[in-house]
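The chain is numbered in sequence order, starting from 1.
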Amino acid sequence: DMPDTSTVQVLFYPFDLKSRQTVLSKGNLYEAYIDNGNLFLNLNGTTTDLGTIKAKYYHLAVALDNTAGSAKIYLEGELKETVSFSGTSNWANGTPWLLATNSTDAGTGKFYTGLVDEFVIYKTALPQNVIQAHY
């Protein structure tokens with residue numbers, strides 16, 4: 001189960017920066033993806049452009065408060081954005097988490113080419129100092 005207040009972290013190194021590729025997803029609730037050299041995060045229909053990326057390791061952490069419909073997005077340990085999104089009860093169940101794609105269908109999936117070193121979900125919204133220590 002994923003509680004309403006939690007943190008999702010992923011450490012990744014993209015190889016292809018131009019193609020539309022999903023690093024991590026959970027259906028339409030969560031998708032971290034690369035498109036045309038930029039990193040994006042979609043939370044239940046709210047998409048945030050996190051800026052230009054290069055071929056190197058990135059640490060992305062998203063501290064979610066589903067009840068309040070807000071999330072703090074950290075890139076490289078620094079707060080990049082605080083966003084509002086539509087809360088939903090589907091975090092704990094429903095669509096499974098997928099690493100390196102947004103669909104298991106080979107015809108529609110946006111498959112990721114690169115490295116994923118770590119993916120973890122914490123059952124609390126981690127404070128910035130802890131996220132920085134992880135980074």
Side-chain angles (χ1 to χ4, degrees):
D1 289 347
M2 186 172 160
D4 282 337
T5 302
S6 55
T7 303
V8 177
Q9 286 186 168
V10 64
L11 180 64
F12 66 99
Y13 188 117
F15 294 157
D16 179 356
L17 299 173
K18 295 298 179 188
S19 300
R20 168 68 167 80
Q21 300 181 51
T22 300
V23 177
L24 176 66
S25 68
K26 182 175 175 56
N28 60 356
L29 297 178
Y30 183 106
E31 185 182 15
Y33 66 94
I34 298 161
D35 192 12
N36 199 27
N38 282 16
L39 178 63
F40 295 88
L41 181 69
N42 176 20
L43 293 172
N44 202 24
T46 300
T47 301
T48 304
D49 184 343
L50 299 173
T52 304
I53 61 170
K54 301 184 253 183
K56 70 175 200 107
Y57 271 107
Y58 286 92
H59 181 266
L60 175 66
V62 182
L64 297 161
D65 184 340
N66 184 50
T67 305
S70 68
K72 291 184 177 182
I73 305 169
Y74 299 90
L75 191 61
E76 311 291 69
E78 297 302 319
L79 180 62
K80 187 81 172 171
E81 297 276 342
T82 299
V83 297
S84 296
F85 66 96
S86 297
T88 177
S89 60
N90 292 330
W91 287 102
N93 47 37
T95 307
W97 285 93
L98 297 175
L99 203 53
T101 186
N102 63 345
S103 172
T104 56
D105 180 354
T108 62
K110 304 299 182 193
F111 296 95
Y112 169 72
T113 57
L115 303 173
V116 175
D117 189 48
E118 180 180 73
F119 163 60
V120 64
I121 297 174
Y122 294 94
K123 292 187 174 191
T124 185
L126 297 177
Q128 185 171 9
N129 65 323
V130 173
I131 290 170
Q132 287 175 333
H134 292 174
Y135 166 64

Side chain to side chain contact (heavy atoms under 4.5 Å, CB included) evaluation trace for L17 with I53: CA-CA 8 Å; L17 299 173; I53 61 170; 4.0 Å; yes
Y112 vs I34, side chain to side chain contact (heavy atoms under 4.5 Å, CB included): CA-CA, chis, key distance, verdict: CA-CA 9 Å; Y112 169 72; I34 298 161; 4.0 Å; yes
Derivation of the side chain to side chain contact (heavy atoms under 4.5 Å, CB included) call for R20 and K110: CA-CA 6 Å; R20 168 68 167 80; K110 304 299 182 193; 3.8 Å; yes
Quick one, E118 with H134, criterion side chain to side chain contact (heavy atoms under 4.5 Å, CB included). Give me CA distance, side-chain angles, the key distance, then yes/no. CA-CA 11 Å; E118 180 180 73; H134 292 174; 5.8 Å; no
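The closest side-chain heavy-atom distance from K123 to P3 is below 4.5 Å. A 4.5 Å side-chain heavy-atom check between Y57 and L115 finds at least one atom pair inside the cut-off. D117 places none of its side-chain heavy atoms less than 4.5 Å from the side chain of F12. Contact check for V83 versus S70: no side-chain heavy atoms found under the 4.5 Å cut-off. By the 4.5 Å heavy-atom criterion applied to side chains, S25 and Y30 are not counted as neighbours. For the pair Q21/T113, a side-chain contact is recorded, criterion being any heavy-atom separation below 4.5 Å from C-beta on. Side-chain contact between V8 and L64 is present, with at least one heavy-atom pair separated by less than 4.5 Å. The closest side-chain heavy-atom distance from T7 to V62 is not below 4.5 Å.
A single hydrophobic cluster is not seen to contain both L11 and F40; linkage of ILVMFWY side chains at heavy-atom distances under 4.5 Å, directly or through other members, places them apart. Cluster membership check: Y58 does not share its hydrophobic cluster with Y33, using side-chain heavy-atom separations under 4.5 Å among Ile, Leu, Val, Met, Phe, Trp and Tyr. There is a path of hydrophobic side-chain contacts, each under 4.5 Å, that joins L99 to L41. The cluster map of Ile, Leu, Val, Met, Phe, Trp and Tyr, joined by side-chain heavy atoms under 4.5 Å apart, puts V130 and Y135 in different clusters. Linking Ile, Leu, Val, Met, Phe, Trp and Tyr whenever their side-chain heavy atoms come within less than 4.5 Å leaves L98 and L43 in two separate clusters.
Considering CG of L39 and CD1 of I73, their distance stands at 9.0 Å, rounded to 0.5 Å. Once rounded to the nearest 0.5 Å, the distance linking CG of L75 with CG of L50 reads 6.5 Å. Between the CD atom of E31 and the CG atom of N102 there is a distance of 4.5 Å, given to the nearest 0.5 Å.
A pairwise comparison of heavy atoms in D35 and K18 identifies OD1-O, 4.0 Å as the closest pair. Of all non-hydrogen atoms in T46 and S84, the two that sit nearest each other are CG2-O, 3.5 Å. Shortest non-hydrogen contact noted between T101 and F111 is OG1-CE2, 3.2 Å. Nearest approach of G45 to N42, heavy atoms of both residues: N-OD1, 3.0 Å.
Using the six-membered ring where Trp is involved, F119 and W97 have ring planes that are tilted, between 30° and 60° apart.
Y74 does not carry K72 over the face of its six-membered ring by the limits of under 6.0 Å from the centre and within 45° of the normal.
At a threshold of 4.0 Å, the pair E76-K54 does not count as salt-bridged, since none of the basic side-chain nitrogens sits closer than that to a carboxylate oxygen.
Looking at Q128, its side chain does come within 3.5 Å of a backbone N or O of G77 through a donor-acceptor pair. Remark: the backbone N or O of L29 is not paired with any side-chain donor or acceptor of N44 at under 3.5 angstrom. A donor-acceptor pair under 3.5 Å is absent between the side-chain atoms of T124 and the main chain of L126, judged by distance alone.
With hydrogens and angles left out, the side-chain atoms of T48 and E81 include no donor and acceptor closer than 3.5 Å.
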